[in-house]
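None of these values were measured; they are calculated from a predicted model.
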Amino acid sequence: MHFWFVCNKCGKESPFNLKESKCDCGGTLLVEYDLERVSKTLTKERLKNRSTSMWRYSELLPVENEKNIVSLGEGWTPLVRMNQAEEKYPVKKLWIKREEQNPTGSFKSRGFSSAISIANEYGVSKVAVNSNGNAASALAAYASYAGMESHVFVPKDCPGLIVDECVQYGASTFLVNGLIHDAGKIIEDGKQEQGWYNVGTLKEPGRAEGKKTMGLELAEQFNWNLPDVIVYPTGGGSGVIGIWNAFQQLKQLGFIEGDLPRMVSVQELGCDPIVSAMENDSDFNSQTENVISKPTGMRVPNPPDGDLIVSILRETNGTAVTVSKEEIEQAQKTNGAQGISSSPEGAATWAGFTRLVEQGWIKEDDEVVLFNTSHAMKYLPWEATGTPTIKTYEDWKKVSENVLI
Ligand SMILES: *Cc1c(COP(=O)(O)O)cnc(C)c1O
């Protein structure tokens, strides 16, 4: 195999395996590639003629046999220059990366294209995920396209349209009386008995690798000269980790050089453990109470790899900001009035950007990219209908017989 695991803490190498993501020492297992071999076929020149999906970087994704790739055309999303805003704000250049253009309306498509391709390679037939919404609908779409059975568990206040989207993609869909980690517990409790392959955040190596393509793609779209600042709405953190990891690999391949962009995580008031660690200059701690923000991709009080996210922000001289619900709502309108449809998460990057400009953290000569991770439409008011609400795996056993898949 031309790829394997390496632990980000103790450095130990181990064979690639689809069901692991943590080292015995507590570190995260990142996928490392035989870059000498990769560089034989992955060249800047050859990239020019490749498919306009994230699989243009297939040498840097952990799938051995191309025929196992499960793709709905994800990636290679537009990067739009925000000319009007550049006149208004003291910033050199500003772009929005339009991740809402992905097949399932959010950047989550990338992670699931890769995770389901790996699952496909290993012959997995039943997949499950806990999610605040977009991961669930992405899993449902990719699993169905690959002919796998999918089981999704989302908090009961998840936006109704996304719940219905999961049902429509053919997933066995459950609302959970709790938060995303409560939903995850149901999967952990049931996975042995039900044969579910858990595709939850950082439970397996595929999703972070798929999200890595955002970094690869950004570098290529910038003609291998990276911007100064990247603003990302952070929840579980695999977006930030993936982008950072992409830059490391591109450096090793000699595609890019110099300082990495300053990475910024934006979170919403009411669930902001990453911001707390950055502001207190402390180690990462999960948020254990007062989780009162809306159910968006940023509402993850207990990200499995908070330490790594915080260390990436520090290493790149980045930062983290909290924005309020009101600021996010205002930013959705502002983005809309500039022609960009933004979900609360995507809009949060705009709110974070304006705050950092005010604070003077973003400067006149900075080139900045905001990640619009999903579009507004999926979050419109809608009561999800006909989807059962449960709390435990035992509840699931009771009601699952009545749910058609
Ligand atoms: C999941 C999600 C996020 C958070 O991304 P992480 O990689 O988990 O930090 C941000 N925005 C949207 C729209 C999401 O669905």
Exercise for the section: Specify whether F174 and F153 have parallel, tilted or perpendicular ring planes, treating 30° as the upper limit for parallel and 60° as the lower limit for perpendicular. Expected result: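 Correct class here is parallel.
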Does a donor on one side chain sit under 3.5 Å from an acceptor on the other, for [X] and [Y]?
X: E99; Y: T77; answer: yes
X: W55; Y: S113; answer: yes
X: S342; Y: N372; answer: yes

With sequence neighbours excluded, what pairs up with [X] under the side chain to side chain donor-acceptor pair (under 3.5 Å) test?
X: D182; result: none
X: D157; result: R299
X: E193; result: Y393, K397
X: E86; result: R81

What side-chain donor-acceptor pairs closer than 3.5 Å can you find for residues 238-245, not counting sequence neighbours?
residue : atom : partner : partner atom : Å
S238    : OG   : K211    : NZ           : 2.6
W244    : NE1  : E315    : OE2          : 3.4

Problem - Which residues share a ring pair (Phe, Tyr, Trp, His ring centres under 6.0 Å) with F16, sequence neighbours left out - result: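 So F16 forms a ring pair (Phe, Tyr, Trp, His ring centres under 6.0 Å) with F3, F5.
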Tell me, which pairs form a salt bridge (Lys or Arg N to Asp or Glu O under 4.0 Å) where one or both residues lie in [range], sequence neighbours left out?
range: residues 159-170; answer: E165-K378
range: residues 247-272; answer: R262-D366
range: residues 53-70; answer: R50-E59, R56-E220
range: residues 340-353; answer: none

Problem - Pairs flagged by ring pair (Phe, Tyr, Trp, His ring centres under 6.0 Å) wherever residues 248-292 is involved - sequence neighbours left out - result: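 As it turns out, the ring pair (Phe, Tyr, Trp, His ring centres under 6.0 Å) pairs with a partner in residues 248-292, which skip direct neighbours, are W224-F255.
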Exercise for the section: Find out whether R355 and V266 are in side-chain contact, i.e. whether some heavy atom of one side chain is under 4.5 Å from a heavy atom of the other. Expected result: no
Problem - Given V163, V176, I180, the one that forms side-chain contact (heavy atoms from CB on, under 4.5 Å) with V154 - result: V163
Practice task
Salt-bridge test for K92 and E367: reply yes if a basic N is under 4.0 Å from a carboxylate O, no otherwise.
Solution key: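 Answer for the salt bridge query: yes.
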Exercise for the section: Indicate yes or no: does E188 engage K185 in a salt bridge with an N to O separation below 4.0 Å. Expected result: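 No, this pair does not count.
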Run the side-chain donor-acceptor check on residues 18-26: report pairs under 3.5 Å with partners two or more places apart or on a different chain.
residue : atom : partner : partner atom : Å
E20     : OE1  : N17     : ND2          : 2.6
S21     : OG   : L202    : O            : 2.3
K22     : NZ   : P304    : O            : 3.3

Exercise for the section: Please confirm whether the backbone N or O of L72 pairs with a side-chain atom of E74, one donor and one acceptor, at under 3.5 Å? Expected result: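 Present.
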Practice task
For the pair S144 (side chain) and A141 (backbone), establish whether a donor and an acceptor sit closer than 3.5 Å, ignoring hydrogens and angles.
Solution key: no
Practice task
Establish, yes or no, whether a centroid distance under 6.0 Å links the rings of F353 and Y89.
Solution key: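 Ring centres of Y89 and F353 closer than 6.0 Å.
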Practice task
Carefully, step by step, assess S131 and L139 under the rule side-chain contact (heavy atoms from CB on, under 4.5 Å).
Solution key: CA-CA 10 Å; S131 156; L139 174 80; over 6 Å; no
